[in-house]
Amino acid sequence: MEYAQAARNAENYLTNPVNVYRLMKRLTNDWTIYEERVQSDEAAQTFLRQMNEYRETLSFPSTEDFRASAAALARLQETYHLDTTQIAGGFLNGVKYGTSMTWQDCFVLGKQLFHLEEYNHTKMWLKESMQRLSREPYYRDPHTFDYVEDVAKSLLNLGDLETALKLSDDVLSLDPTRSTAKYVKNTILTPVGERKPTLTTNPSYYHQTEEFETYKKVCRGEITASPTQLRPLRCRYETNNHPYRLIAPLKLEEHSLDPLVVTFHDFIDDTKIATIKYMAEPRMQRSTVRDVVTLSKATDFRISKNAWLGYQEHDYMLGMLRDLHDITGLDVTRCEKLQVANYGLGGHYEPHWDFYLDTERMPEGLGNRIATAIFYLSEVEQGGATAFPNLKFAIKPKKGNVLFWYNLHRTLEGDYRTRHAACPVLKGSKWIANVWINDITQPFTRPCLLHQDDEISKPYATIV
């Protein structure tokens with residue numbers, strides 16, 4: 001049934017993080033076990049040879065891909081406060097998207113998270129595995145004891161003594177000779193002062209800074225703009241006094257007036273979007289972040305793929321710049337290349353600034369990034385919002401819209417209030433195109449004021 005569901009709509013199937021994790025598990029962990037079991041079966045050798053040929057021509061997931069899918073599930077669970085039992089049952093924020101996970105799926109995920117030192121999530125998933133196993137008719141069969149003992153020992157190391165003792169007692173009631181179960185029970189019953197210390201249960205992957213906690217709350221919708229912030233904001237038709245826009249104005253929605261953050265609705269149509277994605281897909285590579293030593297590197301700080309396109313490659317992309325010029329008045333003759341990015345399973349980008357902190361690393365001849373325009377090229381069913389922790393709001397992606405803001409004050413100093421993030425994609429696939437407008441040609445389009453205007457954002461300048 002699951003295979004038929006996937007065949008009917010592969011894209012929908014693969015935008016579910018639970019489905020992706022289970023598929024990765026089948027093609028890596030489960031496949032390795034299968035190969036080991038059929039090595040002596042001559043009839044299976046032909047099939048294995050065919051599969052090896054497929055591996056040479058098709059892009060099978062790697063062990064690292066499998067690890068990343070486990071980390072992505074933990075990230076989603078942490079960011080959106082998802083219940084373990086709900087996820088295992090195929091529910092995401094109360095919506096049923098796919099089939100349930102098996103106890104083996106939960107067990108393997110728990111062991112992966114243990115190796116990733118995600119100890120809080122390890123406990124949740126190992127306990128869920130045992131709860132699901134206990135509902136199976138073969139729960140008390142001897143072949144399951146190894147798994148139960150493994151979980152009991154892991155929970156002992158993680159300090160969940162109550163569950164570890166219960167699992168050990170269950171095994172010993174059926175087979176009193178099991179050595180691991182006896183070890184776990186004896187250790188728990190040992191006086192506290194004589195026990196080995198347990199592992200810390202504080203998750204190591206997730207930052208515990210106040211800013212990062214605020215970011216997650218903004219992504220969850222627990223923190224939103226106050227009535228005081230919202231009161232002066234308006235939605236209106238914008239022409240910027242441009243002749244063409246006087247007869248074809250754009251729908252503008254204000255999110256913040258200082259710093260200016262706005263959305264232009266229905267800015268780009270489906271035909272242009274499809275063309276840009278078609279041009280970008282063959283060039284997509286793992287996204288990197290700016291690094292002091294290597295200039296760029298792949299990191300869990302940012303999980304996405306991207307491609308860089310020259311605006312001269314297609315009239316549609318030149319049109320994007322022209323339309324931005326018409327509606328903002330900024331000079332767009334000197335911009336960095338168009339960056340097309342795709343955020344898939346758990347894809348995210350932690351809080352950051354778009355402007356260059358180190359001016360020596362700015363693109364030669366372009367200057368700093370005075371403004372950012374994010375073109376949303378797809379709908380996202382759940383998650384994937386652009387969050388501004390300092391401003392206390394998040395903008396949900398809507399296909400065809402453009403999110404625009406200024407990164408720099410008029411003094412060309414960075415506006416630290418614009419620190420923003422891409423919330424993890426919970427369900428769906430998020431496609432965006434980033435236009436960064438640089439300051440080198442803007443002295444007359446956005447001139448300096450007669451006073452310093454950057455003092456207001458300096459309290460937000462702490463670098464995490």
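Position 1 is the first residue of the sequence; numbering continues from there. Atoms considered below: every heavy atom in the structure, side chains included; atoms not considered: hydrogens, waters and symmetry mates. Keep in mind the model is a prediction, meaning the values are calculated, not measured.
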Within the distance-only criterion (no hydrogens, no angle test), does the side chain of [X] pair as donor or acceptor with the backbone N or O of [Y] below 3.5 angstrom?
X	Y	value
S129	W103	yes
T79	L76	no
N29	K25	no
Q229	L391	yes
H143	D141	no
R283	A307	no
H121	L113	no
K96	G89	yes

Ignoring hydrogens and angles, state whether a donor on the side chain of [X] or [Y] is under 3.5 Å from an acceptor on the partner side chain.
X	Y	answer
Q77	T84	yes
W436	D354	yes
S62	E64	no

Does atom [atom1] of [X] have more than 12 heavy-atom neighbours, drawn from other residues, nucleotides or ligands, at distances under 6.0 Å?
X	atom1	result
K277	NZ	yes
Y147	OH	no
K392	NZ	yes
K166	NZ	no
K127	NZ	no
E222	CD	yes
Y138	OH	yes

Item to complete: Give the intermediate values and the outcome of side chain to side chain contact (heavy atoms under 4.5 Å, CB included) for residues L126 and F107.
Response: CA-CA 5 Å; L126 291 181; F107 174 81; 4.2 Å; yes

Fill in: Near-ring test W405/H255, centroid separation under 6.0 angstrom
no

Item to complete: For residues Y376 and F267, establish whether the separation of their ring centroids is below 6.0 Å.
Response: no

Return the minimal non-hydrogen interatomic distance between [X] and [Y], and the atom names on each side.
X	Y	result
Y460	I456	CE1-O, 4.0 Å
G414	L408	CA-CD2, 3.8 Å
H409	S457	NE2-OG, 2.8 Å
G346	A72	CA-CB, 4.2 Å
G98	N19	CA-OD1, 4.4 Å
M101	D105	CA-OD2, 3.6 Å

Practice prompt. Give the intermediate values and the outcome of ring pair (Phe, Tyr, Trp, His ring centres under 6.0 Å) for residues Y343 and Y349.
Written response: CA-CA 9 Å; Y343 296 79; Y349 194 173; 7.5 Å; no

Is a salt bridge present between [X] and [Y], judged by a nitrogen-to-oxygen distance below 4.0 Å?
X	Y	value
K458	E413	no
R369	E336	yes
D258	R417	yes
K123	D160	no
R178	D146	yes

Item to complete: Let me know which of H348, E381, Q382, K430 forms a side chain to side chain contact (heavy atoms under 4.5 Å, CB included) with V425.
Response: K430

Discussion item. Working note: D170 + R140, criterion salt bridge (charged side-chain N to carboxylate O under 4.0 Å, His left out); need CA distance, chi angles, decisive distance, verdict.
Written reply: CA-CA 9 Å; D170 285 349; R140 295 183 175 275; 5.1 Å; no

Just so I know, are the side chains of [X] and [Y] near enough to count as touching, which here means a heavy-atom distance under 4.5 Å?
X	Y	value
V18	T99	no
Q112	Y21	yes
K427	N12	yes
Y80	P424	yes
R220	K216	yes
T85	F91	no
T372	F404	no
V380	S429	no

Practice prompt. Show the numbers, then the answer: is there a ring pair (Phe, Tyr, Trp, His ring centres under 6.0 Å) between F114 and Y119?
Written response: CA-CA 6 Å; F114 182 85; Y119 300 133; 5.7 Å; yes

What distance do [X] atom [atom1] and [Y] atom [atom2] have between them, rounded to the nearest 0.5 Å?
X	Y	atom1	atom2	result
N434	K337	CG	NZ	15.5 Å
I395	N401	CD1	CG	10.0 Å
C106	E128	SG	CD	5.0 Å
E281	I276	CD	CD1	12.5 Å
I374	T263	CD1	OG1	9.5 Å
S304	W431	OG	CH2	10.5 Å

Worksheet entry | Worked verdict on T122 versus E117 for side chain to side chain contact (heavy atoms under 4.5 Å, CB included) | CA-CA 8 Å; T122 296; E117 299 182 359; over 6 Å; no

Worksheet entry | Derivation of the side chain to side chain contact (heavy atoms under 4.5 Å, CB included) call for Y215 and C219 | CA-CA 6 Å; Y215 148 67; C219 287; 3.3 Å; yes

Worksheet item: Taking the six-membered ring for Trp, are F355 and Y416 parallel (under 30°), tilted (30 to 60°) or perpendicular (over 60°)?
Response: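 F355 and Y416: perpendicular rings.
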
Item to complete: Show your working on side chain to side chain contact (heavy atoms under 4.5 Å, CB included) between R22 and T102 and close with a plain yes or no.
Response: CA-CA 9 Å; R22 297 183 70 223; T102 65; 4.2 Å; yes

